[in-house]
Undergrad: 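My structure is below; once you've seen it, I'll send some questions.
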There are 2 protein chains.
Amino acid sequence: MRMTYQREIILEELRRVKSHPTADELYLMVRHRMPRISRATVYRNLEQLSEAGMVVKLMGTGNQRRYDGNTQKHTHIHCIKCGKVADIAAPEDMDASSLPDIQNSCGYKVLGRQIEYTGICPDCNNGKSTA
Amino acid sequence: MRMTYQREIILEELRRVKSHPTADELYLMVRHRMPRISRATVYRNLEQLSEAGMVVKLMGTGNQRRYDGNTQKHTHIHCIKCGKVADIAAPEDMDASSLPDIQNSCGYKVLGRQIEYTGICPDCNNGKSTA
DNA sequence: ATTGATGCAAATGATTTGCAGCCCA
DNA sequence: TGGGCTGCAAATCATTTGCATCAAT
């Protein structure tokens, strides 16, 4: 994977924030530094970076995919009103050693486990909601 | 919520299967019994039924939303190749009594927890993959 | 009778893709 | 220098919505 300037900036911006932005939000952030970058480039790079394990693609966070520059194992909580995602200290941040044990209960080869909390973020809880 | 004929059939078909179908798959299933039903009706009803807690909307299962007619608490595994979802016996199927404990670690009001496994389904593991 | 529900078609919105030119390794 | 990468615009694909009509309560 070539390290192009746009790829560098995308990665840098994603790592700078703690906000788990959507591809489009990140596009807007990056555009401040690279006005001519296209949405397609951001989408393509996020997909590639997540395949390379350099960023994490979050699933189940509403209609828009979100990305996390922090590749350390940690748990998220997702606001059901506005969609925002935050990190949360959860008791389940443990090892994955028990994964193979449950393999044959469904016939699938188990690869991983995602735990995600759902809730209401402080902003939405105060009626400041947007989405 | 009125119990229309289409609503009844949709619910019946979803409950009949164990496949966690997408809205579109369910639309095709229902159409066998109601050729004139529209996709919009299926989408609208699934959304409404899930709001009413009569079916479960699955998140994080790829690009298409999937639904589960089984409202009992249980855990899913999601094939990263074809997107199919299956039920899995997991050690985490426990009570949610510990949820409030972690509330203030992130400022969110914690409402629930979703645990989802990722893996490769038997079909895809044998090279019979489609998606 | 009222009012929510339906079917149709068109709109939306996120994401993807074709393509010609560009630039990193 | 060559093949991956970019920007642009158009294409996809899932899902939603406006609207006139229909049907459940």
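Numbers restart at 1 for each chain; the letters A, B, ... are given by sequence-line order, proteins then strands.
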Undergrad: Calculate the interatomic distance between A:M1 atom CE and C:dC24 atom P; express it in whole Å.
TA: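 To the nearest whole Å, that distance equals 15 Å.
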
Undergrad: Going by heavy atoms closer than 4.0 Å, what residues in residues 15-44 of chain A are next to DNA chain D?
TA: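 The stretch gives A:R36, A:I37, A:S38, A:A40, A:T41, A:R44 as the residues lying under 4.0 Å from the strand, ordered by number.
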
Undergrad: For residues 51-65 of chain A, which residue pairs pass the salt bridge (Lys or Arg N to Asp or Glu O under 4.0 Å) check, not counting sequence neighbours?
TA: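 Sorted result for residues 51-65 of chain A: A:E47-A:K57.
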
Undergrad: Of the nucleotides D:dC5, C:dT16, D:dT16, which one has an atom closest to the side chain of B:R65?
TA: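 Of the options given, the side chain of B:R65 lies nearest D:dT16.
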
Undergrad: If you compare every side-chain N and O of A:T4 against the phosphate oxygens of D:dT6 (OP1, OP2), does one of them come in below 4.0 Å?
TA: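 Answer yes for this pair, as a side-chain N or O of A:T4 is under 4.0 Å from OP1 or OP2.
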
Undergrad: Mind jotting down which residue pairs meet the ring-ring contact (aromatic ring centres under 6.0 Å, His included) criterion with at least one end in residues 29-69 of chain B? Sequence neighbours excluded, please.
TA: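 ring-ring contact (aromatic ring centres under 6.0 Å, His included) check on residues 29-69 of chain B returns no pairs.
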
Undergrad: With a 6.0 Å cut-off on ring centres, are B:H78 and B:H76 close enough?
TA: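 That pair fails the under 6.0 Å test.
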
Undergrad: Has B:Q6 got a side-chain N or O lying under 4.0 Å from the OP1 or OP2 atom of D:dA23?
TA: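 No.
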
Undergrad: In terms of hydrophobic clusters joined by side-chain contacts under 4.5 Å, are B:I88 and B:V56 together?
TA: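 In one cluster: no.
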
Undergrad: Within the supplied structure, the quantity of interest is the number of heavy atoms (other residues, nucleotides, ligands) at a distance under 6.0 Å from B:R16 CZ; does it exceed 12?
TA: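 Counting neighbours around CZ of B:R16, more than 12 heavy atoms of other residues, nucleotides or ligands fall under 6.0 Å, so yes.
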
Undergrad: Please report the distance, rounded to the nearest Å, between CG in B:N63 and C1' in D:dT12.
TA: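 It works out to 11 Å between those atoms.
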
Undergrad: Round to a whole Å and report the spacing from CG of A:N45 to C1' of D:dG7.
TA: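 Going from CG in A:N45 over to C1' in D:dG7 covers 12 Å.
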
Undergrad: So if I apply the salt bridge (Lys or Arg N to Asp or Glu O under 4.0 Å) rule between A:E25 and each of A:R31, A:R66, A:K84, A:R39, which one comes out positive?
TA: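 The salt bridge (Lys or Arg N to Asp or Glu O under 4.0 Å) with A:E25 is passed solely by A:R66 among A:R31, A:R66, A:K84, A:R39.
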
Undergrad: Nearest whole Å is fine: how far is D:dG7 P from A:R7 CZ?
TA: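 The distance from CZ of A:R7 to P of D:dG7 comes to 11 Å, rounded to the nearest Å.
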
Undergrad: Grab the CD-C1' distance between B:E47 and D:dA14 for me, whole Å please.
TA: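 These atoms are roughly 14 Å apart.
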
Undergrad: Please give, in whole Å, the distance from C:dG4 P to B:Q48 CD?
TA: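 So the CD-P distance, B:Q48 to C:dG4, works out to 11 Å.
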
Undergrad: Once you round it to whole Å, what is the distance between P of C:dC23 and CE of A:M3?
TA: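 Spelled out: CE on A:M3 to P on C:dC23 is 18 Å.
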
Undergrad: D:dC5 P sits how many Å from A:I10 CD1, rounded?
TA: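 Distance check: A:I10 CD1 to D:dC5 P gives 12 Å.
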
Undergrad: Check the pair B:N70 / B:H20 against side-chain hydrogen bond (donor to acceptor under 3.5 Å, both in side chains), numbers first and verdict last.
TA: CA-CA 9 Å; B:N70 175 9; B:H20 312 80; over 6 Å; no

